[in-house]
Participant: 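The structure under discussion is supplied below as structure tokens; questions concerning it will follow.
As the structure lists them, so they are numbered: ligands from 1, and atoms in each ligand from 1.
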Amino acid sequence: MCGIVGYVGARAAQPLLMEGLRRLEYRGYDSAGIAVAEGGRLSVAKRKGKVRELDAALPAAGFSGAVGIAHTRWATHGEPSDANAHPHLDATGRIGVVHNGIIENAAALKQRLAAEGVTFASETDTEVLAHLIARRPEPSLVEAVRAVLAEVKGAYGLAVIDAARPGALVAARNGGPVVVGVGEGEGFIASDAAALMGHARSIAHLDDGELAEVRADGFTVFTLEGTQTVKALSELSGDALALEKGDYAHFMRKEIDEQPAAVRRTLLGRFDRRFATAHLGGIEMAAREMLDIRRVKILGCGSACHAGMVGAHLIEQLARIPAHAEPASEFRYRNPVIEPDTLYVAVSQSGETFDTLAAIQEVKRKGGRVLGIVNAVGSTIARECGRGVYLHAGAEVAVVSTKTFTSTCTAFALLALQLGRVRDLSAAAGARLVAGLDALPDQIAGIIAREAELAALSARLAGAEHAYFLGRAASFPIAVEGALKLKEVSYLHAEAYAASELKHGPLALISPDTPTVMLLPDDDLLAKNLSTVAEVRTRGGPVLAVTQPGVSLEGVEAAFAVPACEPELAPLLLNIPLQLIAYQVAQGLGRDIDQPRNLAKSVTVE
Ligand code: F6R
């Protein structure tokens with residue numbers, strides 16, 4: 001959360017910083033700001049609202065300085081306003097700070113500064129840092145920042161500028177992601193490498209407790225204790241064009257369309273066809289270790305957890321290992337029992353979600369073993385897990401997760417297949433699943449091409465205030481994910497229930513005004529699901545079905561059928577129409593689809 005960019009070099013900093021902010025806007029978009037050092041002082045612009053509002057507030061001629069920092073905010077302390085937007089400055093306007101995270105002892109530090117006569121221009125916790133750094137006597141900015149951080153408690157990713165010493169910026173990390181980048185005679189700081197694509201040649205990820213002095217000719221990294229550390233540089237590859245919307249109205253729609261290619265990349269090179277199994281090299285697990293697994297526990301937040309629920313079903317069905325997914329955000333607060341024969345799997349698109357990271361650290365601290373299923377290469381969670389599966393789904397820019405949900409489910413299918421084939425899953429069943437997975441990308445593309453057929457379902461939902469999403473067994477996680485998607489982008493109230501739970505309470509709310517989206521795969525639970533449809537219809541509730549060919553649709557108001565497939569893989573197909581429905585409803589209601597209210601991608605705060 002919160003986007004940070006910093007630049008020091010020979011080019012004008014403003015255009016580079018603004019481009020970086022636009023790429024990082026998914027991390028927060030309630031206010032934005034920029035500070036550029038020129039003529040011994042900081043030129044600053046800050047605005048409540050999106051980066052385009054900041055753009056409009058910049059002087060026509062622009063700032064000309066070649067060193068600067070910028071920020072796009074997701075508010076924690078202090079409402080979104082011009083004054084609370086970052087950068088925050090000291091009283092003389094010499095030091096500028098942008099910050100992602102929370103300074104826990106800000107109140108005490110503020111009190112102390114106030115007693116020394118400092119007045120504050122904002123309600124933020126961040127501003128104390130600017131005042132404290134400005135008051136330090138150390139000759140270099142990096143030393144001054146280090147001295148201040150020694151008395152700061154909390155989580156941060158930081159970039160600091162000093163107009164009086166513009167030769168270097170300082171970056172620091174404790175819980176908030178920070179990368180430093182190197183270009184041709186240029187240095188960069190960012191909270192996400194995406195901001196630097198096309199500019200920095202190589203990057204290094206700071207670890208917690210490190211700070212960096214970033215100069216045009218390179219960077220030096222220190223620990224908070226002052227010891228110099230050596231960081232490995234990795235090449236910054238990736239297509240900057242992938243971060244653009246192109247002809248699409250929204251990133252969400254673009255990323256829905258990218259799913260066939262994303263799934264193909266998740267599958268690429270990961271089959272061992274001779275043995276009708278999957279081969280996930282990154283999990284670094286020999287067959288013997290797989291055999292010893294007695295339980296699988298999957299941890300993730302939001303859509304990552306829902307994909308984990310799909311994964312738990314797959315692992316239980318294919319490998320016959322008890323598996324369960326739960327929100328990482330809850331897990332770590334209940335002093336969890338960590339068992340040596342349990343395999344923990346952490347799921348994260350961004351690889352930076354604080355709650356998931358903290359859950360992994362708790363498992364590791366107690367001696368548990370963790371695999372990561374992660375999209376962002378080199379991210380904190382990927383590095384913390386050390387082994388796992390990269391999705392290779394490509395950058396996901398829309399705040400809501402679509403293609404990475406599908407790729408995560410695909411990765412779980414591979415993991416379940418591999419675990420299953422070292423246990424009791426037959427070669428024939430393995431071959432059936434390999435063929436089923438091979439077919440997925442084209443089947444997904446076929447569903448997306450029929451988007452127009454979903455109009456009736458979307459129109460029915462758009463006219464309702466509340467909706468139910470029901471699914472049984474392996475379809476239940478898809479109902480939960482479908483309801484979340486609709487909530488996030490359309491702001492309609494949608495609730496998911498296990499279909500079998502309907503008569504245990506929620507049936508009370510079924511009425512002609514409450515449509516139910518019913519997942520009706522053609523599997524051995526179909527008769528049960530059709531009974532649920534009848535229960536809803538008897539109470540006058542309209543039913544919209546997402547189903548498969550050949551299913552009887554008596555009493556159903558509107559339906560969409562995904563192709564027939566291997567039954568275990570049906571959840572992956574049933575989810576696609578629900579993404580498109582959420583998109584269509586949100587579009588019809590004129591919502592801000594890529595940046596829904598109150599949300600941000602990559603939740604790096606607790
Ligand atoms: C929902 C959504 C969120 C994320 C969650 C975890 O559309 O995007 O629920 O899935 O915040 O994020 P990652 O996967 O980055 O850990």
Participant: If the cut-off is 4.0 Å to any non-hydrogen atom of V399, which atoms of ligand 1 fall inside it?
Facilitator: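 Near V399, meaning under 4.0 Å from one of its heavy atoms, ligand 1 has 8 (O).
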Participant: Between E53 and K50, does any NZ, NE, NH1 or NH2 come within less than 4.0 Å of an OD or OE carboxylate oxygen?
Facilitator: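 Salt bridge: no.
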Participant: Just to confirm my output: which protein heavy-atom neighbour is closest to atom 15 (O) of ligand 1, and how far is it?
Facilitator: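 Atom 15 (O) of ligand 1 sits closest to the protein heavy atom S350 OG, 2.6 Å.
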Participant: Are a donor atom and an acceptor atom from the side chains of Y248 and D257 found within less than 3.5 Å of each other?
Facilitator: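 Distance-only check passes for Y248 and D257.
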Participant: Counting non-hydrogen protein atoms only, what is the nearest one to atom 12 (O) of ligand 1? Give residue, atom name and distance.
Facilitator: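 Heavy-atom neighbour on the protein nearest atom 12 (O) of ligand 1: T353 OG1, 3.4 Å.
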Participant: Which residue supplies the protein heavy atom nearest to atom 14 (O) of ligand 1, what is that atom called, and how far is it?
Facilitator: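 In this structure, atom 14 (O) of ligand 1 has Q349 N, 2.6 Å as its nearest protein heavy atom.
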Participant: Assess K485 for proximity to ligand 1: is some non-hydrogen atom of it under 4.0 Å away?
Facilitator: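 True for this residue.
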Participant: I need the nearest protein heavy-atom contact for atom 3 (C) of ligand 1: residue, atom name and distance, please.
Facilitator: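 Scanning the protein heavy atoms, the shortest distance from atom 3 (C) of ligand 1 goes to S303 N, 4.0 Å.
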Participant: Which ligand 1 atoms does A304 reach within 4.0 Å, using its non-hydrogen atoms?
Facilitator: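 Answer for ligand 1: 10 (O), 14 (O).
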Participant: Tell me every residue that passes side-chain contact (heavy atoms from CB on, under 4.5 Å) with E568, counting only those two or more places apart in sequence or in another chain.
Facilitator: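 By the side-chain contact (heavy atoms from CB on, under 4.5 Å) rule, E568 matches L314, L318, R432, L433, E566.
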Participant: Which ligand 1 atoms, with their elements, are less than 4.0 angstrom from a heavy-atom of G302?
Facilitator: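 The list of qualifying atoms is 9 (O).
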Participant: Identify, by atom number and element, the atoms of ligand 1 in contact range of E488, meaning under 4.0 Å from any of its heavy atoms.
Facilitator: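 Listed by number with element: 1 (C), 2 (C), 7 (O).
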Participant: Do D207 and R383 meet the salt-bridge criterion of a basic N to acidic O distance under 4.0 Å?
Facilitator: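 Here R383 pairs with D207 in a salt bridge, since their nearest N and O are under 4.0 Å apart.
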Participant: Does I381 have a heavy atom less than 4.0 Å from any atom of ligand 1?
Facilitator: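 No, that is not the case, since the closest heavy atom of the residue is not under 4.0 Å from the ligand.
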Participant: Charged N to carboxylate O below 4.0 Å: is that the case for K231 and E210?
Facilitator: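 Result for this pair is yes, salt bridge flagged.
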Participant: For the pair K297 and E326, find out whether any cationic side-chain nitrogen is under 4.0 Å from an anionic carboxylate oxygen.
Facilitator: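 Looking at K297 and E326, the cut-off is met.
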Participant: So which heavy atom in the protein is nearest atom 11 (O) of ligand 1, and how far is it from that ligand atom?
Facilitator: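 Ranked first by proximity to atom 11 (O) of ligand 1 is V603 CG2, 4.1 Å.
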Participant: Have S303 and K485 got a donor and an acceptor in their side chains that come within less than 3.5 Å?
Facilitator: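 Yes, K485 and S303 have a side-chain donor paired with an acceptor closer than 3.5 Å.
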Participant: To which protein heavy atom is atom 6 (C) of ligand 1 closest, and what is the distance rounded to 0.1 Å?
Facilitator: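 In this structure, atom 6 (C) of ligand 1 has C301 O, 3.2 Å as its nearest protein heavy atom.
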Participant: Using a strict 4.0 Å threshold on nitrogen-to-oxygen distance, state whether D594 and K254 make a salt bridge.
Facilitator: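 No.
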